[in-house]
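First up is the structure itself, then whatever we jot down about it.
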There are 2 protein chains.
Amino acid sequence: MQQVAHHAGVSLATASRVLHGSGSRTVGEELRRRVEAAAQELRYVSNAPAQALARATSSVVGLIVHDVADPYFGAIAAGAMRAAREQRLMVMIAATFREPGLELEYLRGLRAQRARAVILAGSGTADAAATAELAEEIAGFEADGGRVVCIGERGPDLDTVAMANRAGGGLAVRGLWELGHRRIGVVSGPSELLTVRHRLDGARRALRALGAPLPLRAVVEGDFTRAGGRAAAVRLMTEQPDLGALLVLNDVMAAGALAGLRDDLGLAVPTRVSVVGFDDVPFAADLSPALSTVRLPLEQAGEAAVGLLLEPPGDAPRRVELAAELVLRDSTAAV
Amino acid sequence: MQQVAHHAGVSLATASRVLHGSGSRTVGEELRRRVEAAAQELRYVSNAPAQALARATSSVVGLIVHDVADPYFGAIAAGAMRAAREQRLMVMIAATFREPGLELEYLRGLRAQRARAVILAGSGTADAAATAELAEEIAGFEADGGRVVCIGERGPDLDTVAMANRAGGGLAVRGLWELGHRRIGVVSGPSELLTVRHRLDGARRALRALGAPLPLRAVVEGDFTRAGGRAAAVRLMTEQPDLGALLVLNDVMAAGALAGLRDDLGLAVPTRVSVVGFDDVPFAADLSPALSTVRLPLEQAGEAAVGLLLEPPGDAPRRVELAAELVLRDSTAAV
DNA sequence: CTGTTAGCGCCTTCAC
DNA sequence: GTGAAGGCGCTAACAG
């Protein structure tokens with residue numbers, strides 16, 4: 001920048017003002033033109049780290065997900081990045097690959113980068129120790145002036161974009177009920193994930209309200225992956241062959257469940273058993289049969305998270321609630 | 001760090017050496033311990049931008065994709081991030097949402113961030129002007145000491161991870177041929193994308209070698225999206241109803257094609273028409289019917305790209321070639 | 001409006 | 001092995 005200033009015959013400060021002009025200070029037309037020309041000619045590229053150092057704030061926001069290849073996070077990331085672009089923010093992304101310790105490590109890394117904010121997109125966990133450590137790191141991050149927003153519940157004092165996981169679980173179960181299903185099973189994910197707990201809880205409550213409490217044996221747990229869904233669904237239908245409908249707690253697992261039902265067990269969907277997934281990821285409609293599922297506005301969640309980051313800190317924690325919607329396709333049938 | 005040094009009763013330089021110790025200088029056991037204790041106690045977090053400024057190099061690498069929500073890029077990103085984690089690199093991700101200008105803009109942004117390197121994951125384009133501009137920016141980036149690697153062809157003088165797009169196109173066509181298909185059509189993507197051109201070219205050559213050149217009317221172009229694939233497939237089968245097999249140039253489009261054939265045209269796959277896709281994204285096996293496709297080692301490509309980044313610049317451009325493999329599932333049948 | 005002058009937090013010769 | 005001092009590129013008062 002020194003060079004640009006010299007080349008344009010102005011002071012360093014003036015060059016800085018026209019090039020990065022932050023704030024009220026304005027520069028005369030003539031000088032402004034000269035500086036811009038010089039920058040152009042010298043192919044000047046500003047130095048973001050230096051700016052970050054001087055202003056004690058940067059234009060990067062962090063995004064921590066479990067797995068970028070998972071369409072659930074892909075959709076959230078897409079929404080967040082679209083919003084980030086509008087705000088001219090760069091996003092630094094980190095994937096924990098579902099290793100709990102990595103979330104903490106990356107948050108620390110983002111703190112070292114002096115990220116202006118970070119979005120915790122993955123589900124919180126029921127592990128108290130891990131949660132406490134994370135809370136401490138979050139506090140540190142915020143003490144440094146950074147903002148943190150969670151997608152999904154993480155704690156009452158955090159800005160969060162809340163997904164209707166409980167309501168969604170209820171929606172699914174009631175939808176199945178209305179189709180005439182009475183023997184409903186649940187293919188669940190790892191029970192330490194809050195997201196899983198909430199979805200399951202929503203389903204449980206709805207069933208209880210309907211007068212048909214969910215028996216323990218009708219719930220089986222698997223990894224939050226395709227293979228996990230397949231194995232769990234097969235196990236559940238083997239142990240409880242009288243089930244007529246399955247709620248699978250995410251679409252990726254549901255894809256596996258569909259495969260297991262068809263290829264491992266030879267059970268026809270939806271004639272023999274109906275299946276409802278959760279999330280409505282892009283490929284849900286292309287599965288065989290097209291998956292009925294609980295739609296969550298994933299991209300919108302990513303956008304909303306960036307929206308919260310932009311708002312000034314505020315006294316009370318902010319929340320935006322996103323609704324769920326049941327979409328019935330071909331994997332469910334009336335009985 | 002000043003504080004840590006003071007707290008440990010050592011100089012700033014010593015604290016720096018034990019905390020970020022880059023290089024030959026070593027610190028005595030005793031002092032080292034004291035500094036570490038002080039850092040721990042004061043909850044010191046190093047300042048990456050300051051380090052970047054002082055060392056004139058950072059630990060962030062950029063990753064530019066077209067769309068994070070696209071499973072093709074999701075898989076590449078996952079591979080790249082896994083490798084980045086092993087190297088303790090942070091990755092800054094940017095999505096162009098297929099707007100050509102954005103690639104340039106983001107590359108510039110990454111340059112401003114003083115990223116140590118950037119991976120251009122999206123396909124190159126046949127637009128000469130855009131390519132030239134990009135080349136210039138790449139040159140500038142490298143002049144600043146940054147490294148650039150491309151996934152897919154971008155130019156002979158760039159480090160690149162080459163995917164077997166041509167060979168894959170040939171593989172698909174020959175596979176279909178061996179199944180007895182003689183009337184093969186191609187659902188293509190935007191012809192300005194180099195990836196598309198290479199895949200199509202591979203198919204063309206193979207067909208010519210087989211003595212049955214691909215007629216122009218048997219190729220139809222659509223967006224590189226689900227909707228694009230659907231529309232193009234429907235159009236192609238409507239105009240050329242005698243086609244017995246379709247090569248769709250990526251899996252996302254193939255998902256759309258399958259939907260269109262089934263829901264819009266009522267054509268049975270694979271009995272009436274066989275379909276083969278390209279990429280083998282994770283959901284390919286879950287489509288209805290399970291999609292036969294040309295598998296590309298996507299995650300591996302991401303990892304390889306990071307691998308290239310790490311190697312010292314070298315005199316000649318480096319290349320790593322990744323092979324394609326035809327995987328036949330249920331969307332293809334013999335005639 | 002424009003220029004001067006201190007730093008921002010850290011690294012790195014260079015002496016000790 | 002350890003400390004002192006200058007500088008990385010930029011911003012932000014503060015004077016003119």
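Quick caveat, the model's predicted, so the values are computed rather than measured. Here is how names work: the chains are called A, B, and so on, in the same order as the sequence lines, proteins then strands, and each is numbered from 1.
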Quick one: list whatever passes salt bridge (charged side-chain N to carboxylate O under 4.0 Å, His left out) with B:Arg116, sequence neighbours left out.
none
Pairs under 3.5 Å (N/O, protein and nucleotides 8-10 of chain C):
| unit_1 | atom_1 | unit_2 | atom_2 | d |
| --- | --- | --- | --- | --- |
| C:dC8 | O2 | A:Ala54 | N | 3.4 |
| C:dC10 | OP1 | B:Tyr44 | OH | 2.3 |
| C:dC10 | OP1 | B:Asn47 | N | 3.2 |
| C:dC10 | OP2 | B:Met1 | N | 3.1 |

Helix axis bend for the helix from C:dC1-D:dG16 to C:dC16-D:dG1 - C1'-based end axes, five pairs, 10° rounding:
30°
What pairs of donor and acceptor atoms, side-chain ones from residues 149-157 of chain A against any protein atom, are under 3.5 angstrom apart with sequence neighbours left out?
| unit_1 | atom_1 | unit_2 | atom_2 | d |
| --- | --- | --- | --- | --- |
| A:Glu153 | OE1 | A:Arg319 | NH1 | 3.3 |
| A:Glu153 | OE2 | A:Arg319 | NH2 | 3.0 |
| A:Arg154 | NH1 | A:Glu103 | OE1 | 3.4 |
| A:Arg154 | NH2 | A:Glu103 | OE2 | 2.8 |
| A:Arg154 | NH2 | A:Gly122 | O | 2.9 |

Can you list the residues that meet the ring-ring contact (aromatic ring centres under 6.0 Å, His included) rule with B:His7, with sequence neighbours excluded?
none
base_contact_polar (D:dG1 base, B:Arg32 side chain, donor-acceptor, <3.5 Å)
no
Is the shortest heavy-atom distance from the side chain of A:Leu120 to the side chain of A:Ile138 under 4.5 Å?
yes
Going by the rule side chain to side chain donor-acceptor pair (under 3.5 Å), which residues pair with A:Ser123 if we only count those two or more places apart in sequence or in a different chain?
A:Thr195
May I have the distance from B:Leu19 (atom CG) to C:dT12 (atom P), rounded to whole angstrom?
14 Å
With sequence neighbours left out, the residues meeting ring-ring contact (aromatic ring centres under 6.0 Å, His included) with B:Phe224 are none
Between D:dT2 (P) and B:Glu29 (CD): distance, integer Å:
10 Å
Residues in side chain to side chain donor-acceptor pair (under 3.5 Å) with A:Arg82, at least two apart?
none
Contacts of A:Ser11 and B:Ala13 projected onto DNA chain C by closest heavy atom; the upstream (5') one is A:Ser11
Within this structure, what is the CD-to-C1' distance between A:Glu30 and C:dC1, rounded to whole angstrom?
13 Å
B:Phe73: what forms a ring-ring contact (aromatic ring centres under 6.0 Å, His included) with it, not counting sequence neighbours?
B:His66
Taken to the nearest whole Å, NE2/A:His6 to C1'/D:dG9 is 17 Å
